[in-house]
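Counting starts at 1 for both ligands and their atoms, following the listed order.
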Amino acid sequence: GAPIEADISKLEEGQMVIVEWRGQPVWIIRRTKAQLDALPGQDARLRDPKSTNTDQQPAFAQNEYRSMKPEVLVLVGLCTHLGCAPQLHAELKPEPFDADWKGGFFCPCHKSRFDMAGRVYQGVPAPTNLVVPPYSFIDDNHIMIG
Ligand code: FES
């Protein structure tokens, strides 16, 4: 599949836009400072907090934000368990109740949870972090995916 270009000039803090690349949904989210600040505190509860599984992201995203620019998160929007579509739960706490929920993604099919970097929590069916696709910035407002 050819690379696609996404315009994020209208993407506000906390918002997500979904584009299609190679028949897959790709999420682009402009994370808030609070969401970024919450990431390090989740490490102890995650299966692969340091993104050591190099199949799940390009080398440029093997960092604590799993992204090229900290605020802009780009992920393939498919659960790494059986491919359902996880939902963005920025604040709403998913069931079963998690008092420490700091925002992230919840897969309704078998209740896998991921943080705001797409990192999978321990104790859920999904085996790995969500996939970060290859991408690059054309300029501040345009991303090339693929
Ligand atoms: Fe997402 Fe099973 S497909 S938890």
Side-chain angles (χ1 to χ4, degrees), residues 1-8 10-137 143-146:
I4 60 133
E5 188 180 322
D7 181 347
I8 60 166
K10 305 242 174 352
L11 192 63
E12 311 233 2
E13 273 197 6
Q15 284 188 339
M16 172 165 79
V17 67
I18 303 176
V19 297
E20 191 182 310
W21 172 66
R22 293 190 175 171
Q24 300 176 317
V26 172
W27 301 332
I28 305 172
I29 296 153
R30 196 183 296 281
R31 288 175 289 196
T32 65
K33 181 165 188 312
Q35 288 170 340
L36 293 172
D37 288 348
L39 293 175
Q42 302 304 301
D43 285 14
R45 308 171 65 202
L46 302 170
R47 218 191 285 280
D48 183 10
K50 302 297 183 202
S51 297
T52 54
N53 183 341
T54 55
D55 293 341
Q56 302 311 108
Q57 69 282 313
F60 68 73
Q62 194 176 4
N63 56 51
E64 73 178 298
Y65 305 111
R66 302 191 74 229
S67 60
M68 188 171 285
K69 292 188 182 185
E71 66 274 21
V72 180
L73 176 66
V74 183
L75 290 173
V76 173
L78 298 173
C79 184
T80 54
H81 181 219
L82 296 174
C84 284
Q87 300 159 349
L88 174 60
H89 283 249
E91 286 160 21
L92 190 72
K93 296 176 175 30
E95 297 293 334
F97 184 73
D98 176 356
D100 293 327
W101 185 251
K102 296 286 191 268
F105 307 93
F106 176 69
C107 183
C109 290
H110 315 96
K111 299 184 172 17
S112 285
R113 296 145 181 255
F114 308 86
D115 76 352
M116 281 305 295
R119 300 179 300 175
V120 68
Y121 281 92
Q122 294 169 10
V124 302
T128 58
N129 294 341
L130 297 176
V131 170
V132 177
Y135 66 88
S136 57
F137 281 85
I143 303 177
M144 185 76 82
I145 295 161

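Between atom 1 (Fe) of ligand 1 and His81 there is no N/O/S contact shorter than 2.8 Å. When distances to atom 1 (Fe) of ligand 1 are checked against a cut-off of 2.8 Å, His110 contributes no N, O or S atom below that limit.
A pairwise comparison of heavy atoms in Gly77 and Pro86 identifies O-CD, 3.7 Å as the closest pair.
A salt bridge is defined here as a Lys NZ or Arg NE, NH1 or NH2 lying under 4.0 Å from an Asp or Glu carboxylate O, and Asp115 with Arg45 fails to meet this definition.
Here the protein heavy atom with the shortest distance to atom 4 (S) of ligand 1 is Ser112 OG, 3.2 Å. For atom 3 (S) of ligand 1, the nearest protein heavy atom (residue, atom name, distance) is Leu82 N, 3.3 Å.
Distances below 4.0 Å separate heavy atoms of Cys84 from the following atoms of ligand 1: 3 (S). Close contacts between ligand 1 and Cys79 involve ligand atoms 1 (Fe), 3 (S), 4 (S) [criterion: under 4.0 Å to a heavy atom].
For Phe106 and Phe114, the gap between ring centers reaches or exceeds 6.0 Å.
The structure places OG1 of Thr80 at 12.0 Å from CG of Asp55, a figure rounded to the nearest 0.5 Å.
Contacts between Cys107 and ligand 1 below 4.0 angstrom, taking non-hydrogen atoms only, involve the side chain exclusively.
Both tests pass for Lys69 against the ring of Phe137: distance under 6.0 Å to the centre and angle within 45° of the axis.
The SG atoms of Cys109 and Cys84 sit under 2.5 Å apart.
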